[in-house]
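Single-structure report; data block below.
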Amino acid sequence: VQLQASGGGLVQPGGSLRLSCAASGGTFGSYAISWFRQARGKEREFVAAIRRSFGGTHYAASVRGRFTVSRDNGKNTVYLQMNSLKPEDTAVYYCAATGGSPIQSMLPDPGTYDYWGQGTQVTVSS
């Protein structure tokens with residue numbers, strides 16, 4: 001499956017952005033999709049995940065309550081709605097996909113994922 005992330009940009013603190021991850025070339029509904037981010041000079045970190053089928057969600061503690069991940073299987077797209085953005089949310093955001101149903105503890109591990117999108121830059125600054 002091929003993944004294309006989009007929707008990044010420059011936003012002021014407290015603002016909102018919605019990222020999209022469009023998939024092609026596979027059975028979209030059979031993949032769990034996650035968002036990761038990587039700030040300059042830091043390791044890639046898990047942000048949020050949405051499972052296949054019934055779409056159970058999981059979030060990193062740093063974004064819980066501010067970010068919402070959702071999926072539209074009819075459009076082969078996963079969204080990340082980001083509200084109340086902070087400067088520390090500045091990073092390149094990547095979407096990633098894996099088949100099957102990884103256990104929750106495996107979701108934050110980048111090695112769990114077979115497919116990655118190209119990344120979209122999010123900058124939170126006044």
Side-chain angles (χ1 to χ4, degrees):
V1 64
Q2 292 79 46
L3 303 175
Q4 178 91 24
S6 62
L10 173 64
V11 63
Q12 292 187 342
S16 298
L17 279 176
R18 188 177 79 159
L19 306 183
S20 299
C21 176
S24 60
T27 305
F28 181 72
S30 66
Y31 293 96
I33 306 289
S34 288
W35 289 95
F36 287 77
R37 66 187 181 187
Q38 188 165 18
R40 187 173 299 177
K42 295 188 177 181
E43 292 187 354
R44 192 168 296 190
E45 66 171 350
F46 171 79
V47 175
I50 187 163
R51 294 189 177 278
R52 63 178 186 172
S53 301
F54 297 106
T57 57
H58 305 275
Y59 297 93
S62 59
V63 306
R64 191 175 294 122
R66 299 188 298 123
F67 291 10
T68 302
V69 61
S70 61
R71 68 190 298 158
D72 185 336
N73 288 339
K75 295 183 177 180
N76 286 0
T77 302
V78 166
Y79 303 99
L80 184 67
Q81 178 67 43
M82 306 186 296
N83 299 329
S84 302
L85 282 161
K86 305 175 181 180
E88 51 264 42
D89 294 318
T90 295
V92 178
Y93 283 70
Y94 300 88
C95 56
T98 182
S101 298
I103 60 175
Q104 185 171 344
S105 62
M106 294 301 296
L107 291 172
D109 181 356
T112 297
Y113 300 86
D114 304 303
Y115 308 98
W116 290 82
Q118 85 290 0
T120 185
Q121 175 70 48
V122 172
T123 303
V124 185
S125 175
S126 55

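Everything numeric in this text was worked out from a predicted model, so none of it was measured.
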ask   = Does Thr77 reach the main-chain N or O of Lys75 with its side chain, forming a donor-acceptor pair under 3.5 Å?
value = yes
ask   = How far does CD of Glu45 sit from OG of Ser62, to the nearest 0.5 angstrom?
value = 5.5 Å
task = Would you please indicate yes or no on a ring centroid separation below 6.0 angstrom for Tyr59 and Phe46?
result = no
message = How long is the straight-line distance from CZ of Phe67 back to CG of Leu80, given to the nearest 0.5 Å?
response = 6.0 Å
query = How about Tyr113 and Ser34: does a side-chain donor come under 3.5 Å of a side-chain acceptor?
reply = yes
query = For the residue pair Arg51 and His58, what are the closest heavy atoms and their distance?
reply = NE-NE2, 3.2 Å
inquiry  = I'd like to know if the side chain of Arg66 reaches the main chain of Ser84, judged simply by a donor and an acceptor atom lying under 3.5 Å from each other, with no hydrogens or angles considered.
reply    = yes
message = If you apply the rule side-chain contact (heavy atoms from CB on, under 4.5 Å), what do you find for Ser101 with Arg52, and how did you get there?
response = CA-CA 8 Å; Ser101 298; Arg52 63 178 186 172; 3.3 Å; yes
query = Between CE of Met106 and CG of Asp109, what distance do you get to the nearest 0.5 Å?
reply = 4.5 Å
query = Do Val78 and Val63 belong together in a cluster built from hydrophobic side chains that touch within less than 4.5 Å?
reply = yes
request  = Identify which one of Leu19, Val11, Asp89, Val47 satisfies the side chain to side chain contact (heavy atoms under 4.5 Å, CB included) criterion when paired with Met82.
outcome  = Leu19
ask   = Is Trp35 linked to Val124 within one hydrophobic cluster, defined over Ile, Leu, Val, Met, Phe, Trp and Tyr using a side-chain heavy-atom separation of less than 4.5 Å?
value = yes
task = Look at the side chain of Thr98 and the backbone N and O of Thr112, then say whether any donor-acceptor pair between them is shorter than 3.5 Å.
result = yes
message = Using 0.5 Å steps for rounding, measure from the CD1 atom of Ile33 to the OG1 atom of Thr57.
response = 14.0 Å
inquiry  = Which heavy atom of Ala23 sits nearest to which heavy atom of Leu3, and what is that distance?
reply    = CB-CD2, 3.7 Å
query = Where is the tightest heavy-atom contact between Gln121 and Thr123, given as atom of each residue plus distance?
reply = NE2-OG1, 3.3 Å
inquiry  = For the residue pair Tyr93 / Arg37, report whether a side-chain donor-acceptor contact shorter than 3.5 Å exists.
reply    = yes
key: Heavy-atom check, side chain of Val122 versus side chain of Leu17, under 4.5 Å   = yes
For the student: nearest non-hydrogen atoms of Ser16 and Asn83, plus distance = OG-OD1, 2.9 Å
ask   = Do the ring planes of Trp116 and Phe36 sit parallel (below 30°), tilted (30 to 60°) or perpendicular (above 60°)?
value = tilted
request  = Supply the atom-to-atom distance Ser126 OG to Leu10 CG, rounded to the nearest 0.5 angstrom.
outcome  = 9.5 Å
request  = State, to 0.1 Å, how close Ser125 and Pro13 come at their nearest heavy-atom pair, and which atoms those are.
outcome  = C-CD, 3.6 Å
key: Within-4.5 Å side-chain heavy-atom neighbours: Gln38 and Tyr94   = yes
Same cluster (ILVMFWY, side-chain, under 4.5 Å), Leu107 and Val69 = no
note = Tightest non-hydrogen contact, residues Val1 and Ala97, listed as CG1-CB, 4.4 Å
message = Is it the case that over 12 heavy atoms from other parts of the model lie below 6.0 angstrom from the CD atom of Glu43?
response = no
task = Please tell me if the side chains of Phe28 and Arg71 come closer than 4.5 Å, counting only heavy atoms from C-beta onward.
result = yes
inquiry  = I need the Thr68 OG1 to Ile50 CD1 distance, nearest 0.5 Å.
reply    = 10.0 Å
